2 protein chains.
Amino acid sequence: MNSLVEENYLKALFNLSIESGQVNVNDLSQRLDIKMPTVTSMMKKLAGKGLVHYESYKPLRLTEQGKIEAALIIRKHRLTEMFLVEKMGFGWEQVHDIAEQIEHIHSDLFFAKMDELLGFPKSDPHGSPIPDRNGNVTWKEFKKLSDCKAGDRVRLEAVINTSEEFLKFLNNRALSLGLEVLVVSVEPFDRSMVVKYAKRTAETLSHTVCERLLVVEKA
Amino acid sequence: MNSLVEENYLKALFNLSIESGQVNVNDLSQRLDIKMPTVTSMMKKLAGKGLVHYESYKPLRLTEQGKIEAALIIRKHRLTEMFLVEKMGFGWEQVHDIAEQIEHIHSDLFFAKMDELLGFPKSDPHGSPIPDRNGNVTWKEFKKLSDCKAGDRVRLEAVINTSEEFLKFLNNRALSLGLEVLVVSVEPFDRSMVVKYAKRTAETLSHTVCERLLVVEKA
DNA sequence: TTATTTTGTTTTACTTCTCTAACTTTATAC
DNA sequence: GTATAAAGTTAGAGAAGTAAAACAAAATAA
Ligand SMILES: [Mn+2]
Ligand SMILES: [Mn+2]
Ligand SMILES: [Mn+2]
Ligand SMILES: [Mn+2]
């Protein structure tokens, strides 16, 4: 049984691996706000438990078992976020910090029940995939809105940044998952976009924002 | 901010005070399955935080502030149990261990939302009162079923023991809160009772069981 | 009332998780 | 290709929470 602290290291390492490929001690240190020597010793400990491949001065890698255990924590996190939004009436900007705690609850039954009540959802309120009970994750092919061109019709499927500020920004513009968006124009100078969706006929979004919005093309 | 460990000490001390009046280091030690020297040092620590009155060799007492903080953890525990039963479909025998963990979640909003979704319940699935947001608890006047006599008509309002085994025993006999029970007879030899309720016309309950069932008299 | 048992405390020590300081290795700049 | 900077490790230490051993006080029994 992994401790809460070990679980947070596993999860952070898993997420960083997906975000940036190669993960160094320094990356994990910054992500967790824990000093490098502490991270080094925890990596050795997790290596001893067979969850991490550790070699001095080399990038950090989860073992297959480590990936599974990390994915199962992420599963609990994302099921929780979905439950909070769908069954308890929270906004998608309010759920991360609560899920960060509830993901450490030890009760298979509790999460199985959540899953069932939610109808076995495939993704969380931010569009991230929910790993299955075996820790397998299936990633959908998304495109960044910033990679679209004028005239493209797309559907908003996920957000990359899930900070409260960013999600509130999207709330203020009535941007939510599932929405159909038409790219009206792209400004070559700063790559900002003018888009049309729902009742908004001409909303301007900066490149910084568009990079964080994941979409699929509407046939 | 109290740690999870401190919270469990406060809660145990609060509960023991109610159950048995005077609480000694040894009682708390047994309740928490933690050795006496550890309890002594935690009591000194909590005394330092103004939550416990500690004097060597004297019974342990919570301060007023300690009582409030303990009651607020118990509030979270009981709201959680109620939520699990009412909103997630758990049985009353399944919820204690999950609540034991969720009671340590730090999020006022999370518990406020639970409370609201439940319609501000006054008691948990076992009939125990839910403290209010200020840590005030109001105890109803209950009577033990074992103190009733033949011919009494009562309503089952709470259970004292909330172990899974006891609650399953009650489930097997279709005994649940709110049920109206008629005391048919009391056996003088072992103080067992024959009772009548719902579709059960002659169920025999041992004194040990009757002592743990709290009732109010049906007018 | 004295002996014995139980309860409680003190001291020492272990585990987990964290840090700072000092040093080493690797990467980057010139 | 050295010099400098950045990243990583080692060593030492501290806080939180725990227990074992030794001792002291209080309760109980004889
Ligand atoms: Mn999240
Ligand atoms: Mn977490
Ligand atoms: Mn309970
Ligand atoms: Mn608890």
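Just so it is clear, the structure is predicted and the values come from calculations on it, not from any experiment. Residue numbers start from 1 in every chain, and the chains themselves are labelled A, B, ... in the order their sequence lines are given, proteins ahead of strands.
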Would you say the side chain of [Y] lies within less than 4.5 Å of the side chain of [X], judging by non-hydrogen atoms?
| X | Y | value |
| --- | --- | --- |
| A:Val39 | A:Tyr9 | yes |
| A:Val183 | A:Leu145 | yes |
| B:Met42 | B:Ile34 | no |

Quick one: label A:Ser29 by what it contacts on the DNA or RNA (base, sugar-phosphate, nothing), any heavy atom closer than 4.0 Å.
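No contact.
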
Nearest whole angstrom, please: distance from the [atom2] of [N] to the [atom1] of [X].
| X | N | atom1 | atom2 | answer |
| --- | --- | --- | --- | --- |
| A:Met43 | D:dG8 | CE | C1' | 13 Å |
| A:Leu60 | D:dT9 | CG | C1' | 13 Å |
| A:Lys49 | C:dT16 | NZ | P | 9 Å |
| B:Gln22 | D:dA26 | CD | P | 14 Å |
| A:Glu7 | C:dT16 | CD | P | 16 Å |
| A:Met42 | C:dC19 | CE | P | 11 Å |
| A:Lys35 | D:dG14 | NZ | C1' | 15 Å |
| A:Leu4 | C:dT16 | CG | C1' | 13 Å |

Around atom NZ of A:Lys49, are there more than 12 heavy atoms of other residues, nucleotides or ligands at under 6.0 Å?
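Yes, NZ of A:Lys49 has more than 12 neighbouring heavy atoms, counting only those of other groups under 6.0 Å.
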
Can you pull every protein N or O that's under 3.5 Å from an N or O on nucleotides 8-13 of chain C?
| from | atom 1 | to | atom 2 | distance (Å) |
| --- | --- | --- | --- | --- |
| C:dG8 | OP2 | B:Asn26 | N | 2.6 |
| C:dT9 | OP1 | B:Tyr54 | OH | 2.1 |
| C:dT9 | OP1 | B:Tyr57 | N | 3.2 |
| C:dT9 | OP2 | B:Thr40 | OG1 | 2.7 |
| C:dT9 | OP2 | B:Tyr54 | OH | 3.3 |
| C:dT9 | O5' | B:Tyr54 | OH | 3.4 |
| C:dT10 | OP2 | B:Lys44 | NZ | 2.2 |

When the ring planes of A:Phe83 and B:Phe83 are compared, do they come out parallel, tilted or perpendicular, using 30° and 60° as the limits?
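Geometry flag for B:Phe83 against A:Phe83: perpendicular rings.
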
For the student: nearest non-hydrogen atoms of B:His104 and B:Lys76, plus distance:
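Answer, listing the atom of B:His104 first, then B:Lys76: C-NZ, 4.4 Å.
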
